[in-house]
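Note that this is a predicted model, so its numbers are computed, not measured. Numbers restart at 1 for each chain; the letters A, B, ... are given by sequence-line order, proteins then strands.
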Amino acid sequence: MDTPRSNFLKTQIQADLDAGRSDCVVTRFPPEPNGFLHIGHAKSISVNFGLAAEFGGQCHLRFDDTNPEKENQIFIDAIQEDLRWLGYEWHGEVRFASSYFEQLYQWALVLIDAGNAYVCDLDAEEARAYRGTLTEPGKDSPYRGRTTAENRDLFQRMRAGEFADGACVLRAKIDMASPNINLRDPILYRVRHATHHQTGDDWPIYPTYDFAHGQEDAIEGITHSICTLEFEDHRPLYDWLIEHLPVPHRPRQIEFARLNTSYTVTSKRKLKLLVDSGTVDGWDDPRMPTVAGMRRRGYPPAAIRHFCEEVGTSRSDGMVDMAMLEHAVRGHLNETAPRAFCVLRPLKVVLTNVDETSVLRIANHPSDESLGHREVPFGPELWIDSDDFRESANKKYKRLVIGKRVRLRGAYVIEADRCDTDKAGTVTTVYCRVIENTLGEDPGDGVKPKGVIHWVASHGAATAELRLYDRLFNDANPGRAEELLSVVNTDSLATIVDAVIEESLTNAEPEQVFQFEREGYFVADRHAHSNATPVFNLTIGLRDTWGGGNG
RNA sequence: UGGGGUGUCGCCAAGUGGCAAGGCACCGGGUUUUGAUCCCGGCAUUCGCAGGUUCGAAUCCUGCCACCCCAGCCA
């Protein structure tokens, strides 16, 4: 269903295939297990898994776990769950950079033996000073001239745990005057006496991203290592390491622009701030752009995948309109969500010429009969939305007005005669008459109803809690704000505790999405919903093109 | 003012010398027992700017301009 579209990644991979530089396509999604997946990751996942699928190749899931102090098993589990939920299946076992630590260590020795790496005792601050600046070249470290034997001995002792954290590092010997700062003798290993979630206390030293990533790709036979633009400057180093090491395969790194979506932030620090400040309910709050958040919000995984594909893949920075994601969500839900009735602001209607209850059979979807029908109780007293009634209104108002007719969706046409109001002037009850023979037919007298409204019979109803979500930020580009919390939309959540739902909805399963007719799509909350205490989250409202403000 | 990138409709984005796809948004009109969906139609004489090459340029050349990334023992 997703129309294949051209992008530079496909073009270049096809060129590699045609030229014989590659004979298959193997990609990988390499998250560091230090946080939850978000919409940006979903894009990367879509790109990597999509490319593999399109070219008949495979995509690996590899945890880039080279920094134990920031990582956690919790994220390893959560990421796998999110990936599966999104609908992707990685090839083979889950991989870990940490399972290549011994090989990486051996290759570091190869670099040392060839005079391409050395142990440097400069501390972090000194190293920064020696590195130079963007416009000035760096200076050689005083330890750059150590002999191969000395470097080998020192590095082996680093590995043996003889040095304290930060005491020394292993560096590649490239060029301290390179205009590309990544080539100014980059650090390959650092000493870190930390327990690793996978390797325990086996290692007192850990490879850096630069030393690990390309080699991991080579080990796994990754043909195309797709990453984001900020790694472009690292490519020369990526290639340098591959060239100087006896790796079994030569992967190619290609960068693309990360996805930015309006009205959202994806920085780990900022997402954490939202959680820690209590602005949201947690990492899976329905307003969060995390995969878990979108799941709890009721976004179909297929819609997220479709959106990632529709948005395209390029090398130019930009910000995609959130409306595009919402369009994808509505599109999928319109086709798949069963319809049901829910009255958000209950107003009592008494049908003065009805005195018996009955049951109506109503289609669950206006155009897809496979979704079947449901039985909906009908009777002399019902609830309609208070917004759907006015004592008087102009002809643009297509709902219930005294002296006028409206159709009860799936049921009869009624006409309002009068209403009761309390001392504040608020309407409390509307008295109407059912027009004879209007079930499935227009009134015989030719007077057509002004519109169609939804309803729930009071004798066949239940109460539900509704959580109405709106965008989390007032600023389209919240990531740019100096103070993130100053641009949060304080009205991003409105709770209705006494909405009225038709009784069939009490059988909803957590995570099941419905379209509450004329209102929007709602999902039974993963955590709070139960048949006894129904709780629905607003996934997304129906598109509202009603220009008229009054009536 | 070092290096690396990017500039095509309000937002994404195809296009790779032959006469500007598509989607989102928006604006009209039609259908409709959801003011939804669906359907039809409109929406860049112009591709950051200025020159040049060519019969012909968004695509090639030159020079500008704007924006993004890089000085973690993070990834």
Presence of salt bridge, A:Lys404 and A:Glu415, under 4.0 angstrom: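 No.
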Taking only side-chain nitrogens and oxygens of [X], does any of them come within less than 4.0 Å of OP1 or OP2 of [N]?
| X | N | value |
| --- | --- | --- |
| A:Arg184 | B:A71 | no |
| A:Ser316 | B:G5 | no |
| A:Arg269 | B:C74 | no |
| A:Arg235 | B:G3 | no |
| A:Thr66 | B:A75 | yes |
| A:Arg131 | B:G72 | yes |

Sugar-phosphate only, base, or nothing, as touched by A:Thr133 at under 4.0 Å among non-hydrogen atoms: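 Base contact.
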Sugar-phosphate only, base, or nothing, as touched by A:Asn7 at under 4.0 Å among non-hydrogen atoms: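 Here A:Asn7 touches the backbone only, sparing every base.
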[X] side chain vs [Y] backbone, donor-acceptor pair below 3.5 Å:
| X | Y | value |
| --- | --- | --- |
| A:Arg409 | A:Glu517 | no |
| A:His196 | A:Gln198 | yes |
| A:Lys450 | A:Tyr397 | yes |
| A:His454 | A:Cys342 | yes |

Worked check of side-chain contact (heavy atoms from CB on, under 4.5 Å) between A:Gln80 and A:Phe63: CA-CA 10 Å; A:Gln80 290 181 63; A:Phe63 287 102; 4.0 Å; yes
Distance-only donor-acceptor test, A:Asn180 side-chain atoms vs B:G4 base atoms, 3.5 Å: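 Check fails, no donor-acceptor contact within cut-off.
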Under 3.5 Å on both distances, the Watson-Crick or G-U partner of B:U1: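 With both distances under 3.5 Å required, B:U1 matches none.
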Assigned partner base of B:A66, Watson-Crick or wobble definition, under 3.5 Å: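 Pair assignment: B:A66 / B:U6.
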Partners meeting ring-ring contact (aromatic ring centres under 6.0 Å, His included) with A:Phe536 (sequence neighbours left out):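 Result, ring-ring contact (aromatic ring centres under 6.0 Å, His included) vs A:Phe536: A:Phe516, A:His529.
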Nucleic acid footprint by protein, nucleotides 27-41 of chain B - heavy-atom cut-off 4.0 Å, B for base, S for sugar-phosphate alone: ------BBBSS----
Candidate nucleotides B:C73, B:A75, B:C11, ranked by approach to the side chain of A:Phe231 - the nearest: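 Among B:C73, B:A75, B:C11, the one nearest the side chain of A:Phe231 is B:A75.
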